[in-house]
Amino acid sequence: LKKYQTTGNKALSPSAINTYLNCPARFYFKYVAELKEPENVLEEIEATLMGSILHKAMEYLYKPCLNKEINTQIIEGILENTEFINTCIHKAFLSEYLEPNQKEQNPSNVKLIGKNKLIKEVIFKYVKSVLEFDKRHTPFTFLGLEMPCRMVVKISGNKQISIGGIIDRVDNAKGTTRIIDYKTGIKKDSFNDLEELFTGKATKRNGAAFQTLLYASVLSNETENQHIFPGLYYVRNLRAELVNESLSMGTGKRKTRLDSYSQVKEEFEYLLFERIDEIFSDNGVFKQTDDTDYCTQCPYTSICGKFN
């Protein structure tokens, strides 16, 4: 675990912390013992890879707009340029999908056929949904695309742990700094309370909400900006008129919208630092999850011994 301390060269990512919260044993296998998960055959793209392609396509698409104020006319111009959109998606597809030894090929020589072609068409619809949604919420200015961020957490034993990762998108909309994470899955933009994000059942925890709040924590500490809006773009749902990108916390009439990370900063970081301390404790135990439903999707079931 020393590789995640400030003397090491890695940062503990939101995905790694999410994995620990879901199952400490899986975290151990993947991030401590560094046992690689089995690679899937590249005949079909899984949901996670589809998300990676979307992220990369949006980066290529919006990169020329970085640090510029985006208005309705700019978005309309991109929407009308279907050739540019398709080129960005194709480049993203090859970047995320091809084997490393294939990436030197000329992209124009690689044709997508069969199921891959259909998936590319789905991503095209997702990209257009993002653009249409953004058009309804102009003006805004891009501050970062696939932006790296990092912070240092001081825990017991005089240990200093690096936490960080890559934020899909950071922009400023009407004076508010927004963190935006693109999601291709089923919409899940609410949670009961912060405690649930750290101790809830693995298959019920809102990992997406946890991730964007963690990025808000890292960015707020890195920039000293406490008024950061943590948002999620569920691309399947963006066409709906009343949809928004905000998170909600609570239940029933007590459900409130999180317009600023400052609303939860103190409690979230207390719980976060408590878990980080737990991970790096000299007496820590990487136990197995109690949620057997989570185990059905785990690549380490053959070695963890839970069902032996």
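Just so you know, these numbers come straight off a predicted model, no measurement behind them.
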Close side-chain approach of Leu21 to Arg205, heavy-atom, < 4.5 Å: yes
Donor-acceptor check, side chain of Gln5 to backbone of Lys2, threshold 3.5 angstrom: yes or no? no
Among Tyr215, Phe198, Phe273, whose ring-ring contact (aromatic ring centres under 6.0 Å, His included) with Phe268 holds? Phe198
Is the backbone N or O of Ser156 less than 3.5 Å from a side-chain atom of Asp277, with the two atoms forming a donor-acceptor pair by type? yes
Would you please test Thr212 and Leu247 for side-chain contact (heavy atoms from CB on, under 4.5 Å) and show each step? CA-CA 9 Å; Thr212 194; Leu247 294 173; 3.6 Å; yes
Show the numbers, then the answer: is there a side-chain contact (heavy atoms from CB on, under 4.5 Å) between His227 and Thr176? CA-CA 7 Å; His227 299 291; Thr176 299; over 6 Å; no
Closest non-hydrogen atoms of Asp168 and His55, given as atom of the first, atom of the second and distance, are OD2-NE2, 3.2 Å
Counting only heavy atoms not in Tyr28, do more than 12 fall under 6.0 Å of its OH? no
When rounded to the nearest 0.5 angstrom, what distance separates NZ in Lys120 from CG in Leu118? 12.0 Å
Please test Ser129 against Arg239 for side-chain hydrogen bond (donor to acceptor under 3.5 Å, both in side chains), starting from the C-alpha separation and ending with a verdict. CA-CA 6 Å; Ser129 293; Arg239 290 184 181 274; 3.2 Å; yes
Heavy-atom side-chain contact between Asn221 and Glu269 under 4.5 Å: yes
I'd like to know if the side chain of Lys187 and the backbone of Lys183 have a donor-acceptor N/O pair within less than 3.5 Å. no
To the nearest 0.5 Å, tell me how far His137 NE2 sits from Lys174 NZ. 7.5 Å
Does the structure place the NZ or CZ of Arg275 under 6.0 Å from the centre of the six-membered ring of Tyr20, at an angle of no more than 45° from the ring's axis? no
With the threshold set at 4.0 Å, does a side-chain nitrogen-carboxylate oxygen contact exist between Asp293 and Lys204? no
Can a salt bridge be assigned to the pair Lys10 and Glu34 using a cut-off of 4.0 Å between side-chain N and carboxylate O? yes
Stepwise side-chain contact (heavy atoms from CB on, under 4.5 Å) test for Met58 and Ile123: CA-CA 10 Å; Met58 294 310 304; Ile123 294 174; over 6 Å; no
Under 4.5 Å between side-chain heavy atoms, counting indirect links through other Ile/Leu/Val/Met/Phe/Trp/Tyr residues: same cluster for Leu66 and Ile75 or not? yes
Considering only heavy atoms from C-beta outward, does the side chain of Glu132 approach that of Leu79 to under 4.5 Å? yes
Mark yes or no for whether Tyr234, through its side chain, and Lys188, through its backbone, hold a donor-acceptor pair below 3.5 Å. yes
Please determine if Lys135 and Glu76 form a salt bridge, counting it only when a charged side-chain N lies under 4.0 Å from a carboxylate O. yes
Got a sec: does the NZ of Lys3 have more than 12 other heavy atoms crowding it under 6.0 Å? yes
Tell me, with the steps shown, if Lys154 and Gln160 meet side-chain contact (heavy atoms from CB on, under 4.5 Å). CA-CA 5 Å; Lys154 296 180 181 179; Gln160 298 187 64; 3.8 Å; yes
Is it true that a side-chain atom of Thr141 and a backbone atom of Asn172 form a donor plus acceptor pair closer than 3.5 Å? no
Determine whether more than 12 heavy atoms belonging to other residues, nucleotides or ligands lie under 6.0 Å from atom CD of Glu266. no
Check whether any side-chain N or O of Glu196 sits under 3.5 Å from a backbone N or O of Asn192 as a donor-acceptor pair, and report yes or no. yes
Do Lys91 and Tyr60 form a cation-pi contact, if we require the NZ or CZ to be under 6.0 Å from the six-membered ring centre and within 45 degrees of the ring's axis? yes
Starting from the C-alpha separation in whole Å, work towards a yes-or-no answer on side-chain hydrogen bond (donor to acceptor under 3.5 Å, both in side chains) for Ser162 and Thr6. CA-CA 6 Å; Ser162 293; Thr6 51; 5.8 Å; no
Looking at every non-hydrogen atom in both residues, tell me the closest pair between Lys68 and Pro64 and how far apart they are. NZ-O, 3.2 Å
Rounded to the nearest 0.5 Å, what separation is found between the CZ atom of Phe27 and the CG atom of Leu12? 5.0 Å
Got a second to check how far Ile276's CD1 is from Ile163's CD1, nearest 0.5 Å? 4.0 Å
Okay, side chain of Asn18, backbone of Gly207: is any donor-acceptor separation there less than 3.5 Å? yes
Are any non-hydrogen side-chain atoms of Val285 and Pro24 less than 4.5 angstrom apart? no
Is Ile303 close to Tyr300 at the side-chain level, that is, under 4.5 Å between some pair of heavy atoms? yes
Determine whether Ser190 and Lys255 make a side-chain contact, defined as any pair of heavy atoms from C-beta on separated by less than 4.5 Å. yes
Rounded to the nearest 0.5 Å, what separates atom CG in Asp291 from atom NZ in Lys201? 4.5 Å
Could you go through the side-chain hydrogen bond (donor to acceptor under 3.5 Å, both in side chains) check for Asn283 and Ser281 one step at a time? CA-CA 5 Å; Asn283 301 315; Ser281 169; 4.7 Å; no
Output for pair (Asp189 CG, Asn206 CG), nearest 0.5 Å, gives 8.0 Å
Consider only side-chain heavy atoms of I, L, V, M, F, W and Y, link residues closer than 4.5 Å, and tell whether Phe140 and Phe229 are in one cluster. no
Side chains of Arg169 and Tyr62 in contact at under 4.5 Å (non-hydrogen atoms): yes
Phe133 ring center near Tyr233 ring center (under 6.0 Å): yes
Hey, does Glu195 have a side-chain heavy atom less than 4.5 Å from the side chain of Leu271? yes
Test of ring centre spacing under 6.0 Å for Phe210 and Phe191: no
Minimum heavy-atom distance between Ile89 and Ile53, given as atom pair plus value: O-CG2, 4.5 Å
So, Arg236 side chain and Thr184 main chain: donor-acceptor pair closer than 3.5 Å or not? yes
Any donor-acceptor pair under 3.5 Å linking the side-chain atoms of Thr177 with those of Asn225? yes
Verdict with reasoning, Ser15 to Ser13, per side-chain hydrogen bond (donor to acceptor under 3.5 Å, both in side chains): CA-CA 5 Å; Ser15 295; Ser13 69; 4.6 Å; no
So that I know where these two stand, are Tyr126 and Phe124 an aromatic pair - ring centroids less than 6.0 Å apart? no
